[in-house]
Each structure stands twice: as structure tokens, then as C-alpha cells.
There are 2 protein chains.
Amino acid sequence: MLTWIRKHKRILLYGSSLALLLFLLRWLEFRFLVLSHAIDIYVGAIALMFTALGIWLTLKLTRPKTHTVIVEKEVYLPAETSSEINQSEIEKLALSRRELEVLNLMAQGMSNKEIADGLFVSLNTVKTHSSNIFEKLDVKRRTQAVEKSKRLGIIV
Amino acid sequence: MLTWIRKHKRILLYGSSLALLLFLLRWLEFRFLVLSHAIDIYVGAIALMFTALGIWLTLKLTRPKTHTVIVEKEVYLPAETSSEINQSEIEKLALSRRELEVLNLMAQGMSNKEIADGLFVSLNTVKTHSSNIFEKLDVKRRTQAVEKSKRLGIIV
DNA sequence: CTAAAATTCATACTAAAGTATGAGTGTGTA
DNA sequence: TACACACTCATACTTTAGTATGAATTTTAG
């Protein structure tokens, strides 16, 4: 019994506080309403109590703002695949030679214009290759393409 | 005394708002009390208003409670590459905490819009951070930023 | 407390990236 | 030889990225 009380003392405390509050309200109502012009005090008390109630409610009931921390769990790739280029993955994705060239230059951080100049083709050609690469890799942007292809070991 | 006032000017502001509210209440009091037996409604309104006030005050004046959620994300690493983050390099480049966050999300291949949504800030803010990152890293594009920061060991 | 740094955001641009579609040209192979 | 396939390129368009500038707040550090 004593342990139960100790265990739930917080609940008991809140419960009895609420009861006390209600009792106080009742008392105040009778006490002040018999006096003329005491309504202000009564209302003031009400205001105070319910302000406190609002504060208490908010503190108790607001959900804590969740802060997501991404912990990076290191997963080491098998030693053979780490440094080598994954040829089978390239074939699986059906990436052509030219597309791989463009992909590698992309990974160096080059713009489409720079890639075009480097490969002596037009900007439009590079854009076409890029679009085909993104479709084959199932990504939306060049940054994703670089990230994914590095992860898959397609490029160094 | 003066310093106290300056220090708690916000509280004083809220205090005067409260005074204004009380004045309003006084007005309401006369409005309602001309009607007979309207006291209950009046008191109810008071209770509601001040509960709301309490909630508002608490939300305004307390720091948001944070609840940290740890999410594990698998990071594939080449076996031989050192997985440590080069802290001294970060300091040398004077990259702020937020800029590092943006940089990391960039490296995941996320668009500015996605980063903005992820960090609960506007697109313009992400663009500002991006520009600052590029300037500090002395690069022109996000792909270069990712490549260089990975090479320098700033990000994983 | 105060100054500096960091964070946020807006507006108004320009530049680059990406999409969709169609088409011409070689090239290796069935 | 025919034909799929890779490579090339154009036009026209939409979307995203990036720059420049100014400013309001908030945090941080001395």
C-alpha cells in the first residue's frame, strides 16, 4: 500500500490539487458573491486559476518537439568490391561506354558544358546522355546519380 | 532597477498586455451584467480566455521541449578509406553547423527543396546556405562541393 | 552588456539542369 | 543486307540551381 502511494504520488498529487481547486472555486463563489461589488475579486481569482490551469495543461500536454539525429552506422563493403569497379552492376544497368564517361566526369563535379567541351560533343548530347543515365540509374538528379553509382561501385 | 526593467522588458510587455486584457474584461463585465443571470456565461468566458492566455504564455515563454530520436543510417564505406571526419579542415574552412547539415544532405543527392523541407526552413534559406558553402569551399556547383568535401574528409 | 557571427527569409534576377520529341549517322551482327 | 543500338544533335520547354542584395532575429563569445 505504501509502495503504491509512493509509486503514484504524482497522480495523487494532481488529483488532490484539482479537487482542492474545485473546492476553492466553490468557496470563493459563496464567499464573494454575498458581498456586493466583490465580483471583481472573484473574477480575478478565476482568471488567475485558469491562467495557471492553461500553463499547467500546456506544460503537461505539449508533445516534445522531435529532433532527429541521424547516426551513421558504418557498413564496410567486402574488400574486393571496394576498390574495384563493379562490372556486373554496369552490365545489369546497361550503361553504355559513353554514358559511363559522362557519369565519371559528372562525379568530378563538372558541368554539362564542361563535359561537352571535354568530350568534344555538343551540350545537347551531354544532356541526352545525362537523361538516359538518370533513367537507367532510376534517379532524378546528377547528385543522386553520383551518390548511387559510387555506392554501387560503378565509378571510383 | 533600470537594468531590471531592460532585462525583463518582454515580461513587462506581456504584463501591460495583461492589463489591457483586464480593461477589456471590465468592459465585457458591464456588457454582460446588464443581462440578468448572465454571470455564468461571463465567468465561463473568463475561464476560457485565461486558460487560453496561460497556454499562449507558456508556449511563448518556454523553450520547446525536444525529444531526440536517433535513426541509424547505413553508410557504405570503402574498406581502406579512413572513416574519420576531418574536424580541423572544417574549422579551417569556417563552415557553420547549419552549413554542414546542408552539405551532408546535398551529398545524399537531395534537391534544395527537399533539404528545405527536411530542415523546416525556406527554399531561399537553403540557397543562401548553399552559396555560402560554395564560396567557403571555393567551388562553383553542388557536385563540386560534394566531391571536394568528400575528398577533404569533411563529410562521410 | 555588446559586438560579431549565425540563421533566417525575401525579391529579383541569370544560369544551368533536366525533359520530351524527333531525327540523322555509323556499326556490329543475325 | 537489314536492323537493333549507340551516338550524335536540334528545338522548345519546364524546373532547379545559383547570385546579389538587403534585412530581421537569434546565438554566441568577449
Side-chain angles (χ1 to χ4, degrees), chain A residues 65 67 90-149, chain B residues 1-10 13 59-64 66 90-149:
Chain A
K65 186 180 169 188
H67 176 232
I90 296 175
E91 287 165 18
K92 199 187 298 174
L93 293 168
L95 286 166
S96 73
R97 190 174 308 171
R98 207 55 157 170
E99 285 164 357
L100 269 178
E101 282 188 271
V102 173
L103 186 54
N104 272 287
L105 295 178
M106 257 184 202
Q108 319 272 315
M110 292 174 76
S111 69
N112 285 338
K113 182 76 178 65
E114 289 167 344
I115 293 172
D117 291 345
L119 297 180
F120 300 106
V121 294
S122 81
L123 177 59
N124 289 310
T125 303
V126 177
K127 285 185 176 183
T128 304
H129 286 316
S130 298
S131 280
N132 293 332
I133 291 169
F134 301 154
E135 195 172 350
K136 287 179 180 177
L137 283 175
D138 190 31
V139 296
K140 284 285 176 190
R141 286 173 289 282
R142 54 174 52 223
T143 43
Q144 286 182 350
V146 170
E147 194 273 334
K148 184 163 187 177
S149 56
Chain B
M1 185 58 179
L2 274 175
T3 54
W4 186 90
I5 290 177
R6 222 171 302 149
K7 202 169 188 176
H8 299 82
K9 63 177 177 182
R10 185 177 297 182
L13 186 67
L59 288 178
K60 271 288 162 191
L61 296 179
T62 60
R63 288 178 166 275
T66 57
I90 295 176
E91 285 164 19
K92 199 188 298 175
L93 293 168
L95 285 167
S96 75
R97 190 172 309 169
R98 208 53 159 170
E99 285 164 355
L100 270 178
E101 283 188 89
V102 173
L103 185 55
N104 272 287
L105 295 178
M106 256 184 203
Q108 319 270 315
M110 292 174 76
S111 69
N112 285 339
K113 181 74 178 64
E114 289 167 344
I115 294 172
D117 291 344
L119 296 179
F120 301 105
V121 296
S122 81
L123 177 59
N124 288 311
T125 303
V126 176
K127 285 184 177 185
T128 303
H129 286 316
S130 297
S131 281
N132 292 332
I133 291 170
F134 302 152
E135 194 172 349
K136 287 179 180 179
L137 283 175
D138 191 31
V139 296
K140 284 287 175 189
R141 284 173 290 283
R142 55 173 52 222
T143 43
Q144 286 182 351
V146 171
E147 194 274 333
K148 184 163 186 175
S149 55

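Numbered from 1 within each chain, the chains take letters A, B, ... in sequence-line order. Only a predicted model underlies this, so the values are computations on that prediction, with no experimental measurement involved.
At a threshold of 4.0 angstrom between heavy atoms, the contacts of A/Thr125 include nucleobase atoms, whether or not backbone atoms are also involved. Within the nucleic acid shown, A/Ser131 comes within 4.0 Å of at least one base atom, counting heavy atoms only.
With contacts defined as side-chain heavy-atom distances shorter than 4.5 Å, the pair B/Val146/A/Val146 does not qualify.
For A/Thr128, the side-chain atoms get nearest to D/dT8 when compared with the rest of C/dA17, C/dA10, D/dT8. Distance from the side chain of A/Arg98 is smallest to D/dC7 among D/dA17, C/dC9, D/dC7. Considering only the side chain of A/Val121, D/dT8 comes nearest among D/dT19, C/dT19, D/dT8. Listed nucleotides: C/dA17, D/dT19, D/dA17. Nearest to the side chain of B/Asn112: D/dA17. For B/Asn124, the side-chain atoms get nearest to C/dT11 when compared with the rest of D/dT19, C/dT19, C/dT11.
Between C/dT8 and B/His129, a contact under 4.0 Å exists linking OP1 or OP2 to a side-chain N or O. One finds no side-chain N or O of A/Ser96 lying less than 4.0 angstrom from the OP1 or OP2 phosphate oxygen of D/dC5. Contact annotation: B/Arg141 side-chain N/O to D/dA17 OP1/OP2 distance is not under 4.0 Å.
The nearest whole Å value for the distance from the CG atom in B/Leu137 to the C1' atom in D/dG18 is 15 Å. Regarding B/Leu93, its CG atom lies at a distance of 17 Å from the P atom of C/dA5, rounded to whole Å. In this entry the distance linking CG of B/Leu95 with P of C/dA5 reads 16 Å, nearest Å. Between the P atom of C/dG22 and the NZ atom of A/Lys127 lies a distance of 19 Å, rounded to the nearest Å. A/Leu119 has its CG atom 15 Å from the C1' atom of D/dC9, to the nearest Å. Whole-Å rounding puts the B/Ile133 CD1 to C/dT7 P distance at 10 Å. Distance CZ (A/Phe134) to C1' (C/dG18): 7 Å, rounded to an integer number of Å. Between B/Gln144 atom CD and D/dG18 atom P there is a gap of 10 Å when expressed in whole angstrom units.
Between the side chain of B/Lys127 and the main chain of B/Asn112, no donor-acceptor pair closer than 3.5 Å is present. Of the possible polar contacts, none joining the A/Lys148 side chain to the A/Val139 backbone as a donor-acceptor pair under 3.5 Å is found.
Contact detail for B/Arg142 and B/Ser130: the closest heavy-atom pair is NH2-OG, 4.3 Å.
Remark on DNA chain C: of its neighbouring residues B/Ala94 and B/Leu123, the 5'-side contact belongs to B/Ala94, judged by nearest-heavy-atom nucleotide. When each of B/Ser122 and A/Met106 is assigned the nucleotide of DNA chain C bearing its nearest heavy atom, the one mapping closer to the 5' terminus is B/Ser122.
With sequence neighbours left out, the side-chain hydrogen bond (donor to acceptor under 3.5 Å, both in side chains) criterion links A/Lys140 to no other residue.
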